[in-house]
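One structure is given below, encoded as structure tokens.
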Amino acid sequence: MMIHPKNEDPAEVAASPEWLRREEYNMKMKFDPRIRLVRYFLKVADAPRLAFQQFHYPEVTIMKNVGGSEKSDKAYLFDLYLPVKKEKACPLVIDLHGGGLVYGSKELNQWTAAEMAVRGYAVAVLDYPLIPQATVTEQIQVILSSLARLEQLPVDIDWERVYLKGDSAGGLLCLLLLGVLTTGKGESAPLFNIRHSFRIRAISLIHPMVRTRRTDILNFIPHYLGCSRQSESNPLGQNPFSQQSLQTQAIREKSGQLTDFMTDPLQLIPQLPPVWLATSGNDVMFHREGIDFAQKIKQANIKLRLHDYPFRIRKPLNHIFMVTQPQRKESQDLYDSMDQFFRTSEG
């Protein structure tokens, strides 16, 4: 997601040494085998569901690809799911899909969005650019832009009841977004343009990834935060040649808090609204991470509802099963629980 500085001739920029270094760096990271491997396996896992899983929700109406009023990020639209029958303004759920920050689109969450719309919510499923074409900082910038445009839609929404929902890596983006909304109006304001007026009352995390510093196959993520601390191997922070990262160098001198929560999202726990969290023992990658996160939430006296399903061999409840298999009894129970939690949480 490369942005030319204003008032510069693109031809001159393309011929500059800095631009060549940018292109060389992006080309190298584009073929990072870790990123390609994660994308491949996630795509293979989702292919049958996207091709054959029926979408039958007559109680739901869908506004596809809305919010494209801004030329700068017109490619990152969102879908809005609404209950057909509603007597008053709907509470809003903002939904961020998973995919390890490198894969996926809003279409992955059409079923889970419909499940919440059936229960009386307006659900906005957002898209965002993916690594390596964008840093995590840029992903959050696009999400913030979508929130501002969402608020401008002529839709009957109860802006006093807005909730955040994310699965897998979408859960991580939810946490970082909340961190930006908490600290981003101060010294980090030049980096994050916050223009919406509503606040998040509660957050729902489905098998969430909550750490950015990793030792697994996703250990490339720290290099793409966009505002990470300087290191010997990467003195500028990732993407080291993007305009946003160069801006961050000046911001970092003033705002260590921004850098801290991007590299360690667990620091945000004391600032979180009520948290609903679902995980299972069959989630071999993120189960322990989610349970540790839930324990820290309890220690911070944050309102928490935790659903932790034990490991099972028969009919396993795998990673984000309530998203991929919404009609299972366990999934339906979780959607009912999330609905009840949202409606009783004031944030």
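Keep in mind it's a predicted model, so treat the numbers as computed, not measured.
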**Prompt:** Checking R213 side chain against T263 main chain: does a donor-acceptor pair fall under 3.5 Å?
**Reply:** yes
**More than 12 heavy atoms of other groups within 6.0 Å of K43 NZ** = no
**Item:** Pair R119 + D339: basic N to acidic O under 4.0 Å
**Value:** no
**Item:** Y335 side, atom OH; T112 side, atom OG1 - distance, nearest 0.5 Å
**Value:** 3.0 Å
**Message:** Would the distance check show the side chain of Q53 and the main-chain N or O of P48 forming a donor-acceptor pair, the cut-off being under 3.5 Å?
**Reply:** no
**Request:** Could you tell me whether the side chain of S168 and the main chain of G99 form a donor-acceptor pair under 3.5 Å?
**Result:** no
**Request:** Taking S345 for its side chain and P274 for its backbone only, find out whether a donor-acceptor pair lies under 3.5 Å.
**Result:** no
**Request:** Name all residues meeting the side chain to side chain donor-acceptor pair (under 3.5 Å) criterion together with Q340; count only those two or more places apart in sequence or in a different chain, and write none if there are none.
**Result:** R305
**Request:** Could you walk me through whether I94 and K165 pass side chain to side chain contact (heavy atoms under 4.5 Å, CB included), step by step?
**Result:** CA-CA 6 Å; I94 299 164; K165 170 176 170 285; over 6 Å; no
**Prompt:** Counting only N and O atoms by type, is there a donor-acceptor contact under 3.5 Å from the side chain of D283 to the main-chain atoms of F286?
**Reply:** yes
**Message:** If we ignore hydrogens and angles and just use 3.5 Å, is the side chain of Y163 paired with the main-chain N or O of A202 as donor and acceptor?
**Reply:** no
**Request:** Determine yes or no for a side-chain-to-main-chain donor-acceptor pair under 3.5 angstrom, with S331 supplying the side chain and Q325 the backbone.
**Result:** yes
**Request:** Before giving the answer on side chain to side chain contact (heavy atoms under 4.5 Å, CB included), spell out for R39 and R36 the whole-Å C-alpha distance, their side-chain angles and the decisive distance to 0.1 Å.
**Result:** CA-CA 5 Å; R39 282 183 172 177; R36 297 183 70 178; 5.8 Å; no
**Prompt:** Between S337 and D333, is there a donor-acceptor pair closer than 3.5 Å when you use the side chain of the first and the backbone of the second?
**Reply:** no
**Message:** What I want to find out is whether R49 reaches E107 closely enough, with some N-O distance under 4.0 Å, to be called a salt bridge.
**Reply:** no
**Residues R312 and E330 bridged, charged N to O under 4.0 Å** = yes
**Message:** What verdict does the ring-ring contact (aromatic ring centres under 6.0 Å, His included) test give for H97 and Y128, after you've listed the backbone C-alpha separation in whole Å, the side-chain angles of each residue and the deciding distance to 0.1 Å?
**Reply:** CA-CA 9 Å; H97 68 81; Y128 52 86; 4.4 Å; yes
**Item:** V136/T212 under side chain to side chain contact (heavy atoms under 4.5 Å, CB included): CA gap, chis, key distance, verdict
**Value:** CA-CA 10 Å; V136 177; T212 54; over 6 Å; no
**Request:** Would you mind checking if E59 and K86 are paired as a salt bridge, meaning a charged N to carboxylate O distance below 4.0 Å?
**Result:** no
**Item:** Centroid separation F321 to H207 less than 6.0 Å
**Value:** yes
**Message:** For Y103 and D46, which I'm curious about, is there any donor-acceptor pair between the side chains at under 3.5 Å?
**Reply:** yes
**Message:** Using a 3.5 Å distance criterion without hydrogens, assess whether the side chain of E289 forms a donor-acceptor pair with backbone atoms of R211.
**Reply:** yes
**Asked** Is it the case that more than 12 heavy atoms not belonging to F52 sit under 6.0 Å from its CZ atom?
**Response** no
**Message:** For L175 and F261: C-alpha separation, side-chain torsions, deciding distance, then whether side chain to side chain contact (heavy atoms under 4.5 Å, CB included) applies.
**Reply:** CA-CA 9 Å; L175 294 177; F261 80 71; over 6 Å; no
**Request:** Indicate yes or no for a side-chain donor-acceptor contact from E138 to the backbone of P129 under 3.5 Å, with no hydrogens or angles considered.
**Result:** no
